[in-house]
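Read the structure below first, then the notes.
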Amino acid sequence: MARVLLVEDDEKLGRQVHDGLRAAGFDAEWAKRGDEAMAADFASFALVILDLMLPGAHGFDVLKALRTEHHQVPVLVLSARQSTADKIRALELGADDYLTKPFWPEELIARVRARLRRPALSSDADAMQIGSLRIDLRARKVTVEDAAVDLTRVEFELVAALARRRGAAVSRAWLVEQILDPARDGDERTLDAHVSRLRRKLGDAGKRISTVWGVGYRMEDGT
């Protein structure tokens, strides 16, 4: 059974979601405070369902801490906050999905299952295959339809970072912080140019890198 961490302080809703996850076949654990969640072993979970308005620590702080520690576990934000600004902020901090309250329990379970169907890729995986695109992390080699693609260091790190979180929006700010050397590679203003060159070099496979307006970029999943 996939382990799912639910972070929700509302007793009634939390019990409903926790029991629903268990009934659907998941090994669900429930944290009721943000600081409690931040002390969890994120690497032991297949997915995190995260409320935002939490005692102990705000959900955004939990999400920021999780991604700062380079955990790649998918995060589904479950919140009553429905503003576009909150949704964008959650995606910028590394959330993979955002579901607003109230919601249908069946939709939540469907989203959890959809996210878990995507192959889990650890940061030290040897290689990733997405359609015709193959990324060999150990050899630092990228091929499309078995043809080698000559990439710069920045271009390789960009495609690898997006592939590790395929299907999720990755913010420009995160990519700049994790990949670019400000003294040599530029900053957020030049990131678009790096991505544009990467897309051209990848040819048809470059179409998988989509722009998420106001947030950053996403490596599209699928065959």
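Treat the numbers as computed from the prediction; the structure is a model and nothing was measured.
Between Lys32 and Asp9 no salt bridge is recorded (no basic side-chain N to carboxylate O distance below 4.0 Å). Salt bridge Asp204/Lys207: present, at least one basic N to carboxylate O contact under 4.0 Å. With respect to Asp136 and Arg140, no salt bridge is recorded, no charged nitrogen being found less than 4.0 Å from a carboxylate O.
Residues Leu6 and Gly14 come closest through the heavy atom pair CD2-O, 3.5 Å. Contact detail for Leu63 and Ala90: the closest heavy-atom pair is CD2-O, 3.4 Å.
Residues Asp192 and Tyr217 form a side-chain contact, since some pair of their non-hydrogen atoms from C-beta on lies under 4.5 Å apart. Looking at heavy atoms from C-beta onward, Leu137 lies in side-chain contact with Met128 at the 4.5 angstrom threshold. Contact of the Leu76 side chain with the Leu50 side chain is not registered, since no non-hydrogen atoms from C-beta on lie closer than 4.5 Å. Considering only heavy atoms from C-beta on, Trp174 stays 4.5 Å or farther from Val215 through its side chain.
Arg208 places a side-chain N or O within 3.5 Å of a backbone atom of Glu220 that can act as its donor or acceptor partner. At least one donor-acceptor pair under 3.5 Å links the side chain of Arg199 to the backbone N or O of Ile209. Under the 3.5 Å distance criterion, the side-chain polar atoms of Glu145 are left unmatched by any main-chain donor or acceptor of Ala147. Between the side chain of Glu29 and the backbone N or O of Ala31, no donor-acceptor pair lies under 3.5 Å. A donor-acceptor contact shorter than 3.5 Å links the side chain of Glu155 to the backbone of Thr152. When atom types are taken as modelled, the side chain of Arg3 and the backbone of Ser44 share a donor-acceptor pair closer than 3.5 angstrom. Put simply, the side chain of Ser79 gets close to the backbone of Arg81: a donor and an acceptor are under 3.5 Å apart. Of the possible polar contacts, none joining the Glu36 side chain to the Val7 backbone as a donor-acceptor pair under 3.5 Å is found. Of the possible polar contacts, one joining the Arg22 side chain to the Ala28 backbone as a donor-acceptor pair under 3.5 Å is found. No donor-acceptor pair under 3.5 Å is formed between the side chain of Lys201 and the backbone N or O of Val149.
Within a 6.0 Å sphere centred on CG of Asp41, other residues, nucleotides and ligands contribute more than 12 heavy atoms. With a 6.0 Å radius and a threshold of 12 heavy atoms from other residues, nucleotides or ligands, Lys87 has its NZ atom above the threshold.
Note on Ile88 and Val176: separate hydrophobic clusters, where clusters join Ile, Leu, Val, Met, Phe, Trp and Tyr whose side-chain heavy atoms are under 4.5 Å apart, directly or indirectly. Connection of Leu91 to Val73 is not established within any shared hydrophobic cluster, with ILVMFWY side chains joined at heavy-atom distances below 4.5 Å, either directly or through further cluster members.
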* Asked: Do Val48 and Val4 pass the side chain to side chain contact (heavy atoms under 4.5 Å, CB included) test, and can you show the C-alpha distance, the side-chain angles, and the key distance before you say yes or no?
  -> CA-CA 6 Å; Val48 176; Val4 176; over 6 Å; no
* Worked check of side chain to side chain contact (heavy atoms under 4.5 Å, CB included) between Asp10 and Arg15 -> CA-CA 8 Å; Asp10 184 284; Arg15 176 59 60 191; over 6 Å; no
* **Pair Asp97-Val77, side chain to side chain contact (heavy atoms under 4.5 Å, CB included): steps then yes or no** => CA-CA 6 Å; Asp97 201 354; Val77 171; over 6 Å; no
* Decide salt bridge (charged side-chain N to carboxylate O under 4.0 Å, His left out) for Asp96 and Arg165; before the verdict, give the C-alpha distance in whole Å, the side-chain angles of both, and the deciding distance to 0.1 Å. => CA-CA 8 Å; Asp96 298 275; Arg165 296 186 57 210; 3.7 Å; yes
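A donor-acceptor contact under 3.5 angstrom links the side chains of Asp86 and Ser83, judged on distance only.
Partners of Phe26 under the ring pair (Phe, Tyr, Trp, His ring centres under 6.0 Å) rule, at least two apart in sequence or in another chain, do not exist in this structure.
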